[in-house]
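Numbering starts at 1 and runs along the sequence shown. Being a predicted model, the structure only gives us computed values, none of them experimental.
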Amino acid sequence: MKKIAIIGTGPTGIYTFYSLLKHNEPLSVSLFEQAHEAGVGMPYSFEDNSRMMLANIASIEIPAIFSTYLDWLRSLSEEHLARYGVQPPSLHDRQFLPRILLGEYFRDQFLQLVAQAKKQGFEVEVHESCQVTDLETTSEGVRLWAQRQPAAELFDLAVIATGHVWPDEDPSVRTFFPSPWSGLMEAKIGACKVGIMGTSLSGIDAAMAVVVQHGTFIEKDGEPSYFKLDEGSEALNIVLMSRSGILPEADFYCPIPYEPLSIVTDDVVKAEIAAGTEGLLDRIFRLVAKELERADPLWSERIALSAQNADSFSDAYFADRKNNDSFHWAESNLLEVERNKRDKHTVPWRYTVLRLHEVVQEIVPHLDERDGKRFDAGLARVFIDNYAAIPSQSIRRLLALREAGIISILTLGQDYKMDVKEEQTVISVQQNTYEFDVFIDARGQKPLKTKDLPFPTLRKQLELTGDDIPDVGDDYTLLEPASARGRIAFGALPYLMHDQPFVQGITVCAEIGAAMARAIFQSESHPRRRLPVIDI
């Protein structure tokens, strides 16, 4: 039997395991999970999330394993669902539910996968509370160390599916959290001044983790109507902040699966890439503008799309939010998207932007340094804002906190300073300073490089190739060094974000898992990234 090691058993590891079973060739599979329970994943674990934190993906979008998420939910008892404030009659396939509940689904599916694999003749070993501390690729196979002890056998393929990477927590410090997943869930936060860097869902979730220690959302018909602050917590004050100070949109209704684009197709984008890197970003933007004008001429006229370019489009896109009070705009947007959901009405421009981001992403590895920066400052911000729309329930809770006078938003602009001190964090903006007793950095996952790899031997092997980031093929196996080809599949999302800036979400985890599973059965991996075309 070929021997496979899967390092990490969150969604990427689970879908990889699932895809291996589809090939019907018995394998020896060892699964390593550093958490105490395999098959959950950090974004959905009980330790790293509160029941107030909602997953921004619904059953209709989650690739089914043995059952759809909705069917699994309907199999649960009324009492079990009630723990999460969910009523069985309210269940539907576009519903956003607590992350912890989604983690339970993945755990259940994982256990079924283990049982099914054994039925199919697989040898399966699950190592829980077991951290893989090093990897080495050799001409004979992959050597692995777990808990700093070498494994007794070599593996034909090692799948790195370690997911998000957050800074380690410092248990002695409870005034600064480098991420919402660095000890915040276990910390006792007093009724004080709390600063949160980030106004996206991660920042809002961090706020929820704090406020539930000081009060209760009072709900009517399953929706929060106001927040009741506990006696003695009157000093609680939370400030969300970001450069723009804008809030994300509430998740909007659209057809799923996605309808094809008319102009910016995969073939068209490939042709533009083949035509050369010079002017690539601007050529693609002109196609993007044509796609939007065809889909929604009224919106395009309202933002003067015909007069925009790859640099100015972002300002036009965000203008409404920047010119209005953030909370008033959020309330208006919430009413609009909820009406559209009831009427099953799709806003053409929103749906078009959503479908554009994945196909346009293909140009990123081919942009020169200047255009790469222009893309990050312009189109990338639009795409990220669009696909990162958040659950309506999160907006309602945020508005309830605003009504209670607990939360506000600070616009930092491009020039600010953050000074993390032992007792406080100080934010300086122009002539103003803001002091916070507790500060949470909720800006999300940052792209990682080879130097950040937690496997010392593999890191040294990759550094010798001269690549700043792991270079992977179409099955996500490393292309260099030569001994790693076909032997180490690299599906850890933070290391893929340089070339795939929008790589995120469970559907992407399923696609990457399926590609990595193919690596054990195919003889050759073709490059995903190519050198820019040089005009001679």
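Between the Ser233 side chain and the Leu229 main chain, no donor and acceptor come within less than 3.5 Å of each other. No side-chain donor-acceptor contact under 3.5 Å links Asp371 to the backbone of Glu278. Checking side-chain atoms of Gln424 against main-chain N and O of Val420 turns up no donor-acceptor pair under 3.5 Å. Side chain of Arg283 to backbone of Glu272: a donor-acceptor contact under 3.5 angstrom is found. Counting only distance, with no hydrogens or angles, the side chain of Ser394 and the backbone of Ile390 share no donor-acceptor pair below 3.5 Å. Judged purely by atom type and a 3.5 angstrom limit, Thr175 uses its side chain to pair as donor or acceptor with the backbone of Glu422. A donor-acceptor distance shorter than 3.5 angstrom exists from the side chain of Asn323 to the backbone of Ala319, with no hydrogens or angles considered. For Asp441 (side chain) and Pro178 (main-chain N/O), no donor-acceptor pair under 3.5 Å exists by modelled atom type. A side-chain donor-acceptor contact under 3.5 Å links Arg397 to the backbone of Met52. For the pair Ser59 (side chain) and Asp93 (backbone), a donor-acceptor distance under 3.5 Å is absent.
Aromatic ring centres of Phe439 and Phe177 lie farther apart than the 6.0 Å criterion allows.
Between the side chains of Asp205 and Ser202, no donor-acceptor pair is found at a separation under 3.5 Å. Side-chain atoms of Glu219 and Tyr226 include no donor-acceptor pair closer than 3.5 Å. In the model, Glu338 has a side-chain atom that pairs as donor or acceptor with a side-chain atom of Ser392 under 3.5 Å.
More than 12 heavy atoms of other residues, nucleotides or ligands sit less than 6.0 Å from atom OH of Tyr434. Other residues, nucleotides and ligands contribute only 12 or fewer heavy atoms inside 6.0 Å of the NZ atom of Lys373. Taking a 6.0 Å sphere around NZ of Lys449, one finds it holds 12 or fewer heavy atoms contributed by other residues, nucleotides or ligands. By the 6.0 Å contact criterion, CD on Glu47 is enclosed, its count of non-hydrogen atoms from other residues, nucleotides or ligands being greater than 12. When the shell of 6.0 Å around CD of Glu301 is examined, it contains 12 or fewer heavy atoms from other residues, nucleotides or ligands. Heavy atoms from other residues, nucleotides or ligands lying under 6.0 Å from CG of Asp415 number 12 at most. Heavy-atom neighbours of His328 NE2 from other residues, nucleotides or ligands within 6.0 Å: at or below the threshold of 12.
Listed by chain and residue number, nothing satisfies the salt bridge (Lys or Arg N to Asp or Glu O under 4.0 Å) test with Asp468 (two or more places apart in sequence, or in another chain). In this view, Gln445 and His164 satisfy the side chain to side chain donor-acceptor pair (under 3.5 Å) rule, not counting sequence neighbours. Asp376 pairs by the salt bridge (Lys or Arg N to Asp or Glu O under 4.0 Å) definition with nothing, not counting sequence neighbours. By the salt bridge (Lys or Arg N to Asp or Glu O under 4.0 Å) test, Lys322 pairs with Asp315, sequence neighbours left out. Residues passing the ring-ring contact (aromatic ring centres under 6.0 Å, His included) test with Phe96: none are found, sequence neighbours excluded.
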Test side chain to side chain contact (heavy atoms under 4.5 Å, CB included) applied to Leu102 and Ile62, step by step
CA-CA 10 Å; Leu102 182 52; Ile62 299 173; 3.8 Å; yes

Under the criterion ring pair (Phe, Tyr, Trp, His ring centres under 6.0 Å), I'd like the reasoning laid out for Phe490 against Tyr476: C-alpha separation, chi angles, the key distance, then a yes or no.
CA-CA 5 Å; Phe490 216 104; Tyr476 291 88; 9.7 Å; no

List the steps, then state whether side chain to side chain contact (heavy atoms under 4.5 Å, CB included) holds for Met241 with Ile427.
CA-CA 10 Å; Met241 64 194 80; Ile427 299 292; 4.0 Å; yes

Side chain to side chain contact (heavy atoms under 4.5 Å, CB included) assessment of Glu362 paired with Asp266
CA-CA 9 Å; Glu362 294 302 313; Asp266 289 331; 5.5 Å; no

Could you walk me through whether Glu358 and Tyr258 pass the side-chain hydrogen bond (donor to acceptor under 3.5 Å, both in side chains) check?
CA-CA 12 Å; Glu358 289 186 353; Tyr258 297 156; over 6 Å; no

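Here the CZ-CG distance, from Phe502 to Asn386, works out to 10.0 Å after rounding to the nearest 0.5 Å. To the nearest 0.5 angstrom, Ser45 atom OG is 9.5 Å from Met185 atom CE.
A salt bridge links Glu249 to Arg350: one of the charged nitrogens lies within less than 4.0 Å of a carboxylate oxygen. Electrostatic pairing of Lys446 and Asp452 does not count as a salt bridge here, judged by no charged N lying under 4.0 Å from a carboxylate O.
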List the atom pairs, donor and acceptor, that lie under 3.5 Å between side-chain atoms in residues 377-385 and the rest of the protein, sequence neighbours left out.
| from | atom 1 | to | atom 2 | distance (Å) |
| --- | --- | --- | --- | --- |
| Arg381 | NH1 | Ser314 | OG | 2.8 |
| Asp385 | OD1 | Arg321 | NH1 | 2.9 |
| Asp385 | OD2 | Tyr317 | OH | 2.9 |
| Asp385 | OD2 | Arg321 | NH1 | 3.4 |
| Asp385 | OD2 | Arg321 | NH2 | 2.7 |

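Closest approach of Met53 and Asp48 over heavy atoms only: SD-O, 4.4 Å.
Ile263 has its side chain within reach of Arg294: a pair of non-hydrogen atoms, C-beta onward, lies under 4.5 Å apart.
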